[in-house]
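So that the names make sense, note that chain A is the first sequence line, chain B the second, and so on, each numbered from 1.
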Amino acid sequence: MKCSIPKGTRDFLPAEMARRNYIFDTIREVFKAFAFEPIETPSLENLSTLMGKYGEEGDKLLFKVLNSGNFMEDVDFTQDYHKVAPRICDRGLRYDLTVPFARFVVQHRDQITFPFRRYQLQPVWRADRPQKGRYREFYQCDADMIGSTSLLNELELVQMIDAVFQKLGIEVTVKINNRKVLAGIADLIGAPDKLVDITVAIDKLDKIGIDNVRAELSERGLNQEQITALNPVFELSGSANDKLQQLEVLFNGNAVGTKGVEELKELFGYIDLVQPACHVELDLTLARGLNYYTGAIFEVKAHNVSIGSICGGGRYDNLTGIFGMPDVSGVGISFGADRIYDVLTELDKFPPDLGQSAQVLFINFGAESMPYCIKCAARLRSLGISTLVYPDNAKMKKQMDFANRSRVPYVVFVGENEIAAQNLTVKDMATGTQNTFTLDELADRLKH
RNA sequence: GUGGGCGUAGUUCAGCUGGUUAGAGCGCCAGAUUGUGGAUCUGGAGGUCGUGGGUUCGAGCCCCACCUCCCACCCCA
């Protein structure tokens, strides 16, 4: 039988796990430093929890799980697929960690002290077509604060992004925008219902150029007048503060837009105070597809690597409202562990000494020497020293070869002589030198 | 969902205009070498050539369909 795993999923070998855990540990360390607490939620959610939260595209990318039992009962299969699917699938795999978190908050509100900060490192699933930096199963590392509208939260998210990528040694640019500003722009040109179309088109400015953006806007139903009215937005220039000044004038009298500008001004004011090491910029072309964002939005791009964003997030004012708990605002970010892995690989920035299995290997010279080896190994292990006893009385070459390939730094020989003298012959595999130690002497040397 | 590329041993790949029994490096197993590894040498195992169909006297090679993985679009971590 030929075996394989589903498209877009991966196995992780020990060497890969060592590097993945290095990423998770780094992120977790920063989350803890900022006083976030861990939670977990199930892989499966009720489809009703997930549907309609991610936009039309998101709904298509949800993995739906077929009901158990006789799912065909009372279902008219001649209907359109979109009508049949919700009737035979009650559950789906989570698409992100934010929506399940909102559900979690609503459900456990009596046990939560607000403002609440949680972090969550778990896989999510998307039925996307896999390609570079895109998987169907991947890990998100989320930190969210909920129950506070203060922009100090946004600042802390920026500080956390800065801390994580500084620790990992990745140079990044943090792009910041605000949905209220985008809404203001849509208002301004008299097309508030076209907000999504405008943002999607503007988002491509860097990639396809202004003329193509104009063409796309036209395709998406904006008239020439409206497209022309958008010009001042494309012509904004200068520093973040300069752009915000210009926008403020443009938004004269527009409530949403002005609010957005105020928020951005406040946030950039805070950011100036803390002087992060990474680049932070105001990017009015940043839109982000998830449609639950209402305020600040973030996206992080690594320098010198062509891969999508490695971190993203934003503020959502009414996600819990959908589940029956209105007026609770939250804001959070999500680190894409798998893409960060790809970035570190491409930039060759992983520490070289990650993941060593055993520190010591006892060579197996047969049954007579085993009782002594077993006792010695048990003692070393109780001291936290990773220890192996070769399980079979195989040839020396094979055992030594195993030590080499497993990168075990010390090999111990125990034969008649050693048992008689109650000591150990220890070989340093890197230098080839060999010494005789007592068990305690060996333990001392290895504890550092 | 749309477009492009790839698929030959465990792995990386070669295989001529279609022509006997499909090759190499690395890896694996055994031996040279039964208390000392990385090197070298010798021998060995390992293939439904992605799957199915078609063209042909003859297909790894040509044609069709499907699948896979990769890349791009869309969208995104």
Side-chain angles (χ1 to χ4, degrees), chain A residues 1-10 23 27 54-62 81 94-98 121-142 161 196 199-201 203-204 207-208 212 216 286-291 297-302 306-314 332-343 361-366 368-369 390 393-419 424-434:
Chain A
M1 168 187 164
K2 202 163 54 173
C3 53
S4 65
I5 52 175
K7 181 194 288 227
T9 65
R10 295 150 301 152
I23 295 169
I27 292 172
Y54 307 108
E56 203 181 317
E57 200 65 29
D59 281 355
K60 276 193 224 161
L61 299 181
L62 280 170
Y81 140 83
R94 76 165 96 78
Y95 179 89
D96 72 354
L97 300 178
T98 308
L121 277 47
Q122 289 193 274
V124 303
W125 293 267
R126 294 182 190 178
D128 228 338
R129 187 165 291 198
Q131 53 178 288
K132 188 183 180 188
R134 176 170 305 182
Y135 309 99
R136 284 186 160 179
E137 178 182 59
F138 61 98
Y139 274 73
Q140 291 197 328
C141 309
D142 276 38
I161 291 168
V196 175
T199 55
V200 168
D203 192 28
K204 295 181 192 164
K207 267 190 194 167
I208 62 177
N212 290 319
E216 179 152 349
L286 175 63
R288 295 192 58 74
L290 299 177
N291 61 8
I297 44 182
F298 307 96
E299 201 159 282
V300 180
K301 290 275 293 178
S306 68
I307 200 164
S309 57
I310 53 177
C311 178
I333 45 166
S334 178
F335 291 85
D338 306 80
R339 282 189 178 173
I340 292 173
Y341 184 102
D342 293 341
V343 168
L361 171 72
F362 282 81
I363 296 290
N364 188 323
F365 281 119
E368 310 79 48
S369 62
Y390 199 89
N393 182 12
K395 281 186 187 152
M396 177 66 52
K397 180 182 167 68
K398 194 174 167 106
Q399 298 194 41
M400 294 300 279
D401 211 38
F402 174 84
N404 259 332
R405 307 203 40 172
S406 316
R407 302 205 316 276
V408 178
Y410 297 100
V411 164
V412 176
F413 301 94
V414 172
E416 288 172 26
N417 302 341
E418 286 83 0
I419 295 174
L424 306 164
T425 298
V426 180
K427 178 160 188 159
D428 181 328
M429 291 299 277
T431 62
T433 58
Q434 207 158 297

- Taking NZ, NE, NH1 and NH2 as the nitrogens, is one of them in A/Asp338 or A/Arg10 under 4.0 Å from a carboxylate oxygen of the other? yes
- Task: Provide the Watson-Crick or G-U wobble partner of B/A22, both distances under 3.5 Å; none if there is no partner.
- Result: none
- Query: Within the distance-only criterion (no hydrogens, no angle test), does the side chain of A/Glu418 pair as donor or acceptor with the backbone N or O of A/Gly415 below 3.5 angstrom?
  - Reply: yes
Using a cut-off of under 3.5 Å, enumerate the N/O to N/O pairs linking the protein to nucleotides 69-71 of chain B.
unit_1, atom_1, unit_2, atom_2, d
B/C69, OP1, A/Lys7, N, 3.4
B/C71, OP2, A/Lys132, N, 2.6

- Take nucleotides 29-39 of chain B nucleotide by nucleotide from the 5' end and write B, S or -, depending on whether a protein heavy atom sits under 4.0 Å from the base, only from the sugar-phosphate, or from neither. S-S---BBBB-
- May I ask which nucleotide in the shown strands pairs with B/G44, Watson-Crick or G-U wobble, both distances under 3.5 Å? B/C28
- Query: Under the salt bridge (charged side-chain N to carboxylate O under 4.0 Å, His left out) test, which residues partner A/Asp428, sequence neighbours left out?
  - Reply: none
- Base, sugar-phosphate, or nothing for A/Cys141, non-hydrogen atoms under 4.0 angstrom? nothing
- Re B/U36: Watson-Crick or G-U wobble partner, both distances kept under 3.5 Å, found to be none
- Item | Who pairs with B/U68 - Watson-Crick or G-U, where each distance is under 3.5 Å | none
- Message: When you measure from the side-chain N and O atoms of A/Arg126 to the phosphate of B/C74, is any distance below 4.0 Å, counting only OP1 and OP2?
- Response: no
- With side chains defined as the heavy atoms from C-beta onward, is the minimum distance between A/Gln434 and A/Thr425 less than 4.5 Å? yes
- Query: Do A/Phe138 and the base of B/A77 stack face to face, with centres under 5.5 Å apart and an angle between planes under 30°?
  - Reply: yes
- Query: Using purine N1 to pyrimidine N3 plus N6-O4 or O6-N4 for Watson-Crick, or N1-O2 and O6-N3 for G-U wobble, both under 3.5 Å, which nucleotide pairs with B/U17?
  - Reply: none
- Query: For B/G60, which nucleotide in any strand shown is its Watson-Crick or wobble partner with both distances under 3.5 Å?
  - Reply: none
- Task: Please step through side chain to side chain donor-acceptor pair (under 3.5 Å) for the pair A/Tyr95 and A/Asp59, ending with a clear verdict.
- Result: CA-CA 9 Å; A/Tyr95 179 89; A/Asp59 281 355; over 6 Å; no
- A/Phe362/A/Tyr390 under ring-ring contact (aromatic ring centres under 6.0 Å, His included): CA gap, chis, key distance, verdict: CA-CA 6 Å; A/Phe362 282 81; A/Tyr390 199 89; over 10 Å; no
